[in-house]
Enquirer: 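Can you keep this structure in mind? I'll have questions shortly.
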Protein chains: 2
Amino acid sequence: MVSRRRALTLAGAGIAGIAGTAAAARHLTTDDAPDPVTGAVAFTGAHQAGIVTAAQDRLHFVAFDVVTKDRDRLVKVLKEWTAAAARMTAGQDAGEIGAVAGIPEAPPDDTGEAIGLPPSALTITAGFGPTLFRAADGQDRFGLAARMPEALAPLPAFTGDTLDAALSGGDIAIQACANDPQVAVHAIRNLARIGMGVVSVRWSQLGFGRTASTSTGQATPRNLFGFKDGTRNLKAEEPDLLREHLWVQPGDGPDWMTGGSYLVTRKIRMLIETWDRSPLAEQEAIMGRLKGSGAPLGRTGEFDEPDFQAVGADGEPVIPDIAHVRLAHPDTNNGARMLRRGYNFVDGSDGLGRLDAGLFFIAYQRDPRKAFIPVQRSLAGRDELNEYIRHVSSGLFACPPGVTGSGDHWGSALFA
Amino acid sequence: MVSRRRALTLAGAGIAGIAGTAAAARHLTTDDAPDPVTGAVAFTGAHQAGIVTAAQDRLHFVAFDVVTKDRDRLVKVLKEWTAAAARMTAGQDAGEIGAVAGIPEAPPDDTGEAIGLPPSALTITAGFGPTLFRAADGQDRFGLAARMPEALAPLPAFTGDTLDAALSGGDIAIQACANDPQVAVHAIRNLARIGMGVVSVRWSQLGFGRTASTSTGQATPRNLFGFKDGTRNLKAEEPDLLREHLWVQPGDGPDWMTGGSYLVTRKIRMLIETWDRSPLAEQEAIMGRLKGSGAPLGRTGEFDEPDFQAVGADGEPVIPDIAHVRLAHPDTNNGARMLRRGYNFVDGSDGLGRLDAGLFFIAYQRDPRKAFIPVQRSLAGRDELNEYIRHVSSGLFACPPGVTGSGDHWGSALFA
C-alpha cells in the first residue's frame with residue numbers, strides 16, 4: 001500500500017510530521033496562513049478554512065444534489081466527507097490507496113492522482129443550499145425545514161439574469177481551493193466518489209486564477225477584463241470588519257449557523273470579444289478605475305479612496321454616475337461589504353466562434369439580504385458593465401462554522 | 001500607457017532586459033530551458049518552441065476556422081500573430097495597452113490581464129490542419145492543395161471513436177503552454193482578438209496539469225486514473241531519437257515542413273466514476289504498471305523495462321496480453337515513438353451527475369502514419385482501458401519549423 005504521506009516521506013521531503021502539524025486546531029490568527037514547513041492549512045477551527053484563508057491560486061467548486069431520502073445515509077456521508085477533508089487538507093490520501101483489508105475486490109479509498117503532491121494550501125469548505133431544507137415543491141426532505149435560516153431564502157431574480165437552472169443551486173456545495181489544481185480536483189473527485197449513491201454532481205466549476213486578495217499580504221490580481229479586481233475586499237487582517245460583515249453572530253438566526261457565513265456564487269460569462277473592441281477610455285469609464293494602476297479615476301494609487309464628488313473640467317463627474325466602482329461601493333449600498341474570492345475561468349468555446357470565459361464570483365457574508373442582494377440590485381439595474389457580462393449560474397449556501405475536533409463533522413450542529 | 005514590460009520594471013523586478021534576452025535565437029540545446037533570469041523560453045530557433053520544451057504546468061489550446069477567402073488577409077494575420085507571439089513569450093504585451101497613437105477610439109492592442117506577470121515559460125506553437133489545404137468538399141481554398149504533405153492526410157476512424165465534429169479538426173491550431181494559466185489564456189485570447197474577422201474559434205481546451213515529461217529533469221506526473229503517465233516518453237535530451245521520431249527530415253515530404261513536426265490531439269474523456277469503482281489489482285492489470293511506483297508489473301522501478309515474456313506462477317503473463325503498456329509499447333508497434341505532452345482537464349460536469357474530466361492527449365511525431373495511427377489502431381482494438389475512456393475530439397496539424405528572425409512568420413515557407 002502506498003499512502004500519499006508515505007510517498008512524500010519516501011521522496012525524502014523530510015516532512016513526515018504533516019499529519020500531526022496540520023491536525024492542530026487552526027487558531028483565530030489574522031490570516032489562516034499555511035504551515036510554513038508543510039504548506040498545509042489547518043482544517044479545524046472556529047470558522048471553516050477557505051474563507052479568510054489567503055486566496056489560493058486555483059479552484060474546483062462543486063454543487064451536489066442529494067439523491068437519497070434517507071437522513072442517516074446523508075449524515076454518514078457528511079461524517080465521511082469531513083474525515084476525508086481533514087486527511088486531504090493535511091496532504092494525506094482520502095483513504096488507503098491499497099486494497100481495503102479483508103475485501104480484495106474493493107476499489108482503492110483514494111484515486112491516486114495526488115500521490116506525491118504536497119498539501120498546496122488546500123482548503124475544503126462546505127455549505128448547505130436552500131433546497132436541502134425544503135424542496136421546490138415545499139417538501140421538508142430531511143426534517144430540517146424548521147432550521148432553515150431566513151438569510152438562506154432563495155435569491156430574488158435580478159434584472160438581466162440569464163441563469164441556467166441546471167448550472168444553478170444545489171443541495172450541498174463544496175469549494176476546494178489550492179495552489180495546485182490537481183490537488184483541488186483530487187479533493188472534489190474523492191468527495192464525489194465517497195458520496196456515490198447519496199449525492200450526485202449537479203454542476204462543477206474549475207477556476208484557474210484568483211481574482212481577489214483576502215489578505216493584505218497579497219497583490220491584487222486581474223480579471224479577464226484586464227482590470228485589478230477586489231482592491232476593496234474584506235481582508236483577513238480586519239477582525240472588526242469580519243465580525244460585522246462576514247461571520248454570522250449569535251442571535252442572527254438559528255444557533256447552528258453562528259460562526260458560519262453565507263456563500264453566494266455567480267458564474268459571470270464575460271463577452272470578452274465585445275469588450276476587447278471597446279476603447280481604453282471607455283473601459284476605464286465603465287469600471288471607474290484606471291486599467292494600468294487600478295487607481296480610481298482622478299486618483300493615482302490603487303488603494304486611494306475614490307472621490308465620488310469630484311467634477312471634471314467638463315462639469316461631469318470624474319467617476320461617472322454609473323461606473324462599476326460607484327455602484328458597487330459600500331457608500332452606495334448602505335455600507336454593504338462582502339469577502340470576495342472569485343476565480344477566472346475559461347470553459348472552452350461557445351460554438352459561436354468565441355471563448356467561453358469569465359468570472360466565477362464567490363462572496364461570503366454575514367447576511368446576503370444586507371450584502372449581495374442590495375449590491376447586485378444596484379449593479380443589475382444601472383451598471384454599464386452589464387453590456388459585457390451575463391450571469392449564467394447562481395448559488396446560495398449556508399456554510400456552518402468550523403469543525404472543532406475528531407467526531408465533529410460538517411453537519412453535526414444542523415442535524416443534531 | 002502601461003506596457004507589461006514597463007509594469008514589470010516598475011515593480012522593481014530588475015529584469016528590464018527581457019526583450020533583448022529572449023529575442024536571442026533559441027539554439028539547439030538539449031532542453032529549450034527557460035532563461036534562468038527572466039523565465040522566458042526563446043521564441044525563435046530551428047524548431048518551434050513548445051515541443052521539446054520541458055512541459056509546462058498549464059495549457060490553453062485553440063483550433064481556429066479560417067473564415068476569410070482572402071489569402072492575403074490570412075497571411076497578414078499569420079505575420080501579426082508571429083510578432084505578437086514573439087512579444088508575449090518574452091513577457092511583453094501583445095501590443096500597446098494604451099490608446100493607439102492617432103486613433104483614440106481604437107481598442108487597446110493588449111487585453112491587460114497579464115500585466116505584471118512574468119513570462120512563465122510561455123511557448124506558443126502553431127500548426128496547420130488538413131482543411132486549410134483542401135476543404136471537405138475538395139476545394140483548394142488558398143492555393144495550397146499541392147503543398148499538402150501526405151503525412152497530413154486526415155486520420156482514419158478508429159474502433160470505438162465517439163468524436164464530436166464540432167470539437168474536432170480546425171484549419172489552424174495554436175498551443176499555448178505556460179506555468180501560469182493566466183499567461184496561457186492571455187496568449188490565446190490576444191491571438192483570437194488579432195485574428196477577428198479572419199479566423200473564428202472552432203474549439204478550445206484548458207488543461208490544468210501536465211501528464212508527461214519531455215525532459216529527463218522532470219518527474220513523471222499522474223493522469224486522472226491516478227497512474228504515472230509518459231514514463232517512456234521521448235525526451236529533449238535524446239537528439240538521435242528526436243531526429244528519428246520527432247522532426248520531419250529532408251525528403252520526408254514538402255520542404256516547407258522540414259524541421260517541423262506533426263501534432264495529433266485527442267480529447268479523451270475518462271469515465272472516472274466507473275474507474276474509481278474498480279479494484280486496485282484490476283486497475284494495475286489494465287495499465288500493466290503498479291499504481292504507486294509506476295513500475296511495470298513484475299519489476300520494481302518506474303524506469304525498468306517491462307518484461308513482456310515473464311510468466312507468473314499461474315502460467316499467465318505477468319503483464320497481461322491486453323495491458324495498456326504492452327499494446328502501446330514500441331516493441332508492439334514496429335518501434336513507433338512519439339513525444340507526448342498532454343494535460344489533465346476537468347470541464348465541469350456532464351449533466352448526468354458525473355465530472356466531465358479526462359486527458360487532453362497531445363503528441364508530436366515525424367509521421368503520424370508510422371506513429372500515432374498504428375499505435376492507436378493497436379489500442380483501439382484491444383486495450384481494456386477502452387471500457388473507461390471515450391475519444392471525443394481529434395485533431396491533426398502540420399507544425400512548421402521554427403521562426404528564425406524578424407520578418408519571418410509561421411506561414412512564410414508554406415505561403416512562399
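Because only heavy atoms are used, hydrogens play no part in the values below, and waters and symmetry mates are left out as well, while side chains stay in. Every chain is numbered from 1 and lettered A, B, ... according to where its sequence line falls, protein lines coming before strand lines. Quick caveat, the model's predicted, so the values are computed rather than measured.
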Enquirer: To the nearest 0.5 Å, how far apart are CG in A:Asp110 and CG in B:Leu280?
Expert: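 One gets 11.0 Å once the value is rounded to the nearest 0.5 Å.
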Enquirer: Measure A:Arg202 against the heavy atoms of chain B and call it side chain, backbone, both or neither at under 4.5 Å.
Expert: backbone
Enquirer: Do B:Pro108 and A:Gln283 have side-chain heavy atoms sitting under 4.5 Å apart?
Expert: yes
Enquirer: Of all the heavy-atom pairs spanning A:Ser349 and B:Ser204, show the shortest one and how long it is.
Expert: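 Closest approach of A:Ser349 to B:Ser204: OG-N, 3.6 Å.
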Enquirer: Flag the pair B:Arg222 / A:His186 as yes when at least one side-chain heavy-atom distance between them is below 4.5 Å, and no otherwise.
Expert: no
Enquirer: Can you measure from CZ (B:Phe208) to CG (A:Asp180) and round to the nearest 0.5 angstrom?
Expert: 8.5 Å
Enquirer: Please say which of A:Asp356, A:Leu352, A:Asp350, A:Leu355 ends up in a side chain to side chain contact (heavy atoms under 4.5 Å, CB included) with B:Val201.
Expert: A:Leu355
Enquirer: For the residue pair B:Gln182 and A:Gly209, what are the closest heavy atoms and their distance?
Expert: OE1-CA, 4.5 Å
Enquirer: To check you understand the geometry: which heavy-atom pair defines the closest contact between B:Asn223 and A:Glu113, and what is its length?
Expert: O-CB, 3.4 Å
Enquirer: Give the minimum heavy-atom separation between A:Ser200 and B:Gly353, together with the two atoms involved.
Expert: OG-CA, 3.2 Å
Enquirer: Let's test your reading of the structure: which of B:Met196, B:Gln205, B:Arg354 forms the most heavy-atom pairs below 4.5 Å with chain A?
Expert: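 The answer is B:Met196.
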Enquirer: Which atoms of A:Asn344 are under 4.5 Å from chain B, going by heavy atoms: the side chain, the backbone, both sets, or neither?
Expert: side chain
Enquirer: Do B:Arg189 side-chain atoms and A:Leu224 backbone N/O form a donor-acceptor pair below 3.5 Å?
Expert: yes
Enquirer: What's the shortest heavy-atom distance between B:Leu206 and A:Val346, and which atoms?
Expert: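 Heavy atoms only, the tightest pair is CD2-O, 3.6 Å.
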